[in-house]
Amino acid sequence: MTRGTAATAVLTIAALAAPFLFPWAYAAVLAFALALAEPLAGIACGIIADALYYAPGTAHAPLGTALGFAGTLTAYLVRRFVKARIIGG
């Protein structure tokens, strides 16, 4: 296992466990950091947060999943821009 994949594996475990261990702000930062390496991870972290903090009648939409989707979109665009800048420039 190379150093990049080992770091991604550790970040994946930390980001997916963060909603159980840390306040939402730390979990969001870890999820966004992971989304830069694995873009779909933001949605996964959002779904975990929604499942963990779900209470009937409190929200009309799954906020964690929506924020995870927004983070995934942002991370995908940043990643695409950085790849284009490094390879094309």
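Here the structure is a predicted model, which is why all the values come from computation and not from measurement. Residue numbers count from 1 along this sequence.
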Identify all side-chain donor-acceptor contacts of residues 60-73 below 3.5 Å with residues at least two apart in sequence or on another chain.
{"unit_1": "T65", "atom_1": "OG1", "unit_2": "D50", "atom_2": "OD2", "d": "2.5"}
{"unit_1": "T72", "atom_1": "OG1", "unit_2": "P39", "atom_2": "O", "d": "3.1"}
{"unit_1": "T72", "atom_1": "OG1", "unit_2": "I43", "atom_2": "N", "d": "3.2"}
{"unit_1": "T72", "atom_1": "OG1", "unit_2": "G68", "atom_2": "O", "d": "2.8"}

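- Applying the under-4.5 Å side-chain rule to Ile, Leu, Val, Met, Phe, Trp and Tyr, the cluster around Y54 consists of that residue alone.
- One hydrophobic cluster, built from ILVMFWY side chains closer than 4.5 Å, holds both F20 and Y53.
- Between atom CG of residue L34 and atom OG1 of residue T8 there is a gap of 7.5 Å, rounded to the nearest 0.5 Å.
- Sorted by first and then second residue, the side chain to side chain donor-acceptor pair (under 3.5 Å) pairs involving residues 22-41 (not counting sequence neighbours) form an empty list.
- Between A35 and G42 the shortest heavy-atom distance is CB-N, 4.2 Å.
- The two residues A27 and P19 come nearest to each other via the heavy atoms CB-N, 4.0 Å.
- Clustering ILVMFWY residues whenever any of their side-chain heavy atoms sit less than 4.5 angstrom apart, transitively, puts L36 in a cluster other than the one holding V29.
- How far CG of L52 is from CD1 of I48: 9.0 Å, rounded to the nearest 0.5 Å.
- Heavy atoms only, all atoms of each residue included: A15 and C45 are closest at O-SG, 3.8 Å.
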